[in-house]
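Here's the structure, in structure tokens; my notes come after.
When a residue number appears, it is its place in the shown sequence, counting from 1.
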Amino acid sequence: MGSNSSRIGDLPKNEYLKKLSGTESVSENDPFWNQLLSFSFPAPTSSTELKLLEEATISVCRSLVINNPRTGNLGALIKVFLSRTKELKLSAECQNHIFIWQTHNALFIICCLLKVFICEMSEEELQLHFTYEEKSPGSYSSDSEDLLEELLCCLMQLITDIPLLDITYEISVEAVSTMVVFLSCQLFHKEVLRQSISHKYLMRGRCLPYTSKLVKTLLYNFIRQEKPPPPGAHVLSQQSDGGGLLYGLASGVATGLWTVFTLGGVGSKAAATPELSSPLANQSLLLLLVLANLTDAADAPNPYRQAIMSFKNTQDSSPFPSSIPHAFQINFNSLYTALCEQQTSDQATLLLYTLLHQNSNVRTYMLARTDMENLVLPILEILYHVEERNSHHVYMALIILLILTEDDGFNRSIHEVILKNITWYSERVLTEISLGSLLILVVIRTIQYNMTRTRDKYLHTNCLAALANMSAQFRSLHQYAAQRIISLFSLLSKKHNKVLEQATQSLRGSLSSNDVPLPDYAQDLNVIEEVIRMMLEIINSCLTNSLHHNPNLVYALLYKRDLFEQFRTHPSFQDIMQNIDLVITFFSSRLLQAGAELSVERVLEIIKQGAVALPKDRLKEARSLKDTGLCWASILRKEVLVTFLSKFPQTQNDLCKSLTVKVAPRPLLSSWSFLSRKDKNQVFLIRYLCLLRNSKHQPISGSGDRWSDTGS
């Protein structure tokens, strides 16, 4: 490096880098540092160039690892940087470009070295390298001051105190990026770090007083989305608009950390990385999320998480409780606007989830907004383009909807917001639709995509939980939304019948031959029936609580009333079918009385009149679905299990004859553990089909073939 521009290929031979990493000690007052730091460097623009940079500098870094215990040059470089930062604020006010440029270069070199040091050694060894100085080999500094802690404090001061100008933009980005690199130790540990040295410094001691100020600054960096200055506006004119060389270096580290926090998005596509308009905003957001997710210390909670959980709106004049540390205020309107605009990135979606989940002040403010469509529409667009998103991005968007739909006010208000011309929804032209109906359409589409593609059980469970939260407040459903609800139920019904028919045929073949393996249809039937019951609960909740508000849903029910016939006497659905059967019967009779050849408009008019005439006390009160949230599916699974055990035949003489393992007649639970997996499947299917027979249920639509006594 030095006063001339450097190229990546020249770095291994650079005389200044050789001296830095060599066996000769360099005093922090040596003029060498001014020569080393006077370089300009064209920023890498691709991952290939970044890899070339690492390969070109690895020999220099490893040489420094070997020689630093004798020379202490790493400590000298850090002390040079620390001494310069003391004058950085004054240099910014005086527009001292050269001084800021050289300070930026010092931080760039430190970060490049740190990245290699962290990759190649433990934190304890890294800390030792900060204590070596130019004495006998391996001697330690006698200063009581910890250089590593001082560097972290200096970076925090630089981020929070240096004004953001054209000439300071690059060094601000580098300071944030260097902190991200510092926290990248987690990448090289399989287990969660709970006693990291860098974590210890950040959570106590000299760094702790900067907690709220750092979190506030990082949030405002995200809110403002400041773009880098145009080329020529600052000294580093050869840097591209991408935010500097170190930004590219630290972005790679941050991406790795992001993969750790999101579990890598296993089984999904890697999202295309969009071109970043504000490197400072992006790096600040990544650092904020990393800090918020640090594990608590043994004797104290994570102060950065505390700060995120407790900050308030600038318009809130109420005092902070004394029990809340690290509290501050921020403009909620600006934060809301930024969150609405930035949901294309999964890290912005994670910030939104974190704030909604952990900060009650933010959640209350957002739910009180009258323009919730600005926030909900980007979330729906993420779910709509599910095939193009990482799985963790889709899950976060879905959990955000779950949090929002826990609020009754939100569930009512979204049906009052009318949208026009939703261009990204391509299945059908939606010239006018409520936000609530659009939300239902997108969630149902996500369920159908999951059923045919990813088959993630928990994804559709969470989707249905969101619909369940909303169901009691369904209002004026769009006719297409009502159709899609019934169409989803139709799809589930067909899938149920198909699996049941396959199970019947498989069981018949298995009973005639012990050598034929029996597929595990028991689990498939359990899952499908669980989802069918969830759908029936949602429809029932809507009919019970808001029948007169949803003529289109009643119309769709009547149009597909034959679909529900097979579930009327099904033992798993008899209780939940009571209201649905009553509504279908009541409105069907009114339509028969009105005569034939009715227009759609006339049918809807009859439905509206009937909704007023139907006595409310005739409908059985539906249980609340909203309060169960994410655990709702688990409750249903438990109900299915209880139903299964309570209805199983008490005597098993006939049943035992069909099993390959002979067991004496006894209660099922005592003999269940002795059965093979094949026999357990047989037990389940025989019991299941016997229940269908006893309830006079026709399981396979259109087949006309009921389960007979000879088959069991």
Side-chain angles (χ1 to χ4, degrees), residues 218-219 222 254-274 281-282 284-294 305 308-309 335-336 338-360 362-363 366-367 372-407 410 414 424 438-439 442-447 449-450 453-454 456-470 629-633:
L218 295 175
L219 275 172
F222 168 72
T255 301
L257 281 171
W258 177 243
T259 302
V260 171
F261 288 132
T262 58
L263 304 180
V266 178
S268 62
K269 290 184 179 179
T273 303
N282 183 69
S284 296
L285 177 55
L286 290 173
L287 177 58
L288 180 65
L289 292 172
V290 172
L291 291 171
N293 286 281
L294 295 179
R305 188 182 301 122
I308 288 174
M309 291 172 60
L335 177 62
Y336 179 82
L339 287 169
C340 293
E341 293 174 350
Q342 300 299 320
Q343 287 307 304
T344 52
S345 71
D346 45 5
Q347 53 264 41
T349 305
L350 179 57
L351 176 63
L352 174 59
Y353 160 74
T354 302
L355 295 177
L356 282 173
H357 178 58
Q358 298 186 359
N359 191 312
S360 59
V362 174
R363 182 170 60 253
M366 289 187 176
L367 289 171
M372 277 299 293
E373 67 273 16
N374 292 336
L375 183 66
V376 176
L377 282 174
I379 300 300
L380 294 182
E381 196 167 354
I382 293 170
L383 293 176
Y384 185 80
H385 297 293
V386 57
E387 65 277 1
E388 300 173 8
R389 303 290 183 180
N390 285 322
S391 61
H392 54 259
H393 200 181
V394 173
Y395 264 108
M396 284 187 294
L398 187 54
I399 299 302
I400 287 170
L401 287 184
L402 277 174
I403 293 173
L404 295 175
T405 56
E406 288 175 357
D407 183 77
F410 171 84
I414 56 176
W424 47 263
L438 180 63
L439 195 158
V442 173
V443 171
I444 288 177
R445 183 182 183 275
T446 305
I447 295 172
Y449 175 85
N450 181 59
R453 303 283 185 87
T454 57
D456 183 337
K457 177 181 178 181
Y458 298 101
L459 182 63
H460 71 239
T461 299
N462 290 335
C463 287
L464 289 169
L467 293 178
N469 285 345
M470 300 167 55
L630 289 173
C631 299
W632 187 56

Please enumerate all residues that pass ring pair (Phe, Tyr, Trp, His ring centres under 6.0 Å) together with Tyr384, with sequence neighbours excluded.
Trp424, Tyr425

Results of ring pair (Phe, Tyr, Trp, His ring centres under 6.0 Å) for His385 - residues two or more places apart only:
none

Could you pull out all residues at least two apart from [X] that satisfy side chain to side chain contact (heavy atoms under 4.5 Å, CB included)?
| X | answer |
| --- | --- |
| Glu373 | Asp371, Leu377, Val417, Leu419, Leu435 |
| Gln358 | Arg305, Met309, Thr354 |
| Asn450 | Thr454, Asp456, Leu459, His460 |
| Ala292 | Ile308 |

Minimum heavy-atom separation for [X] and [Y], please, with both atom names.
| X | Y | value |
| --- | --- | --- |
| Ile447 | Cys463 | CG1-CB, 3.4 Å |
| Cys340 | Pro378 | O-CG, 3.6 Å |
| Leu218 | Leu291 | CD1-CD1, 4.1 Å |
| Leu335 | Leu355 | CD2-CD1, 4.0 Å |
| Leu439 | Leu401 | CD1-CD2, 4.1 Å |
| Gln347 | Asn282 | NE2-OD1, 2.8 Å |

What residues form a salt bridge (Lys or Arg N to Asp or Glu O under 4.0 Å) with Arg445, not counting sequence neighbours?
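Salt bridge (Lys or Arg N to Asp or Glu O under 4.0 Å) check on Arg445 returns Glu427.
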
Walk me through it: do Leu404 and Met372 pass the test side-chain contact (heavy atoms from CB on, under 4.5 Å)?
CA-CA 10 Å; Leu404 295 175; Met372 277 299 293; 4.1 Å; yes

I'd like to know whether Asp407 forms a side-chain contact (heavy atoms from CB on, under 4.5 Å) with Arg363, so could you lay out the CA-CA distance, the side-chain angles of the two residues, the decisive distance to 0.1 Å, and finally the verdict.
CA-CA 10 Å; Asp407 183 77; Arg363 182 170 60 253; over 6 Å; no

With sequence neighbours excluded, what pairs up with Gln343 under the side chain to side chain donor-acceptor pair (under 3.5 Å) test?
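Once residues adjacent in sequence are excluded, the partners of Gln343 under the side chain to side chain donor-acceptor pair (under 3.5 Å) criterion are Thr349.
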
The side chain to side chain donor-acceptor pair (under 3.5 Å) partners of Thr446 (sequence neighbours excluded) come to none

Could you walk me through whether Val376 and Leu438 pass side-chain contact (heavy atoms from CB on, under 4.5 Å), step by step?
CA-CA 10 Å; Val376 176; Leu438 180 63; over 6 Å; no

So how far is it from [X] [atom1] to [Y] [atom2], rounded to the nearest 0.5 Å?
| X | Y | atom1 | atom2 | result |
| --- | --- | --- | --- | --- |
| Met366 | Leu352 | CE | CG | 5.5 Å |
| Leu350 | Leu285 | CG | CG | 8.0 Å |
| Met396 | Ile382 | CE | CD1 | 8.0 Å |
| Glu381 | Glu388 | CD | CD | 9.5 Å |
| Ile379 | Asn374 | CD1 | CG | 12.0 Å |

Side-chain contact, heavy-atom cut-off 4.5 Å: [X] with [Y]?
| X | Y | value |
| --- | --- | --- |
| Leu288 | Phe222 | no |
| Leu467 | Ile444 | yes |
| Arg453 | Val386 | no |
| Val443 | Met470 | no |

Start with the C-alpha gap between Tyr353 and Ile399, add the side-chain angles, then the distance that decides, and say whether side-chain contact (heavy atoms from CB on, under 4.5 Å) holds.
CA-CA 8 Å; Tyr353 160 74; Ile399 299 302; 3.6 Å; yes

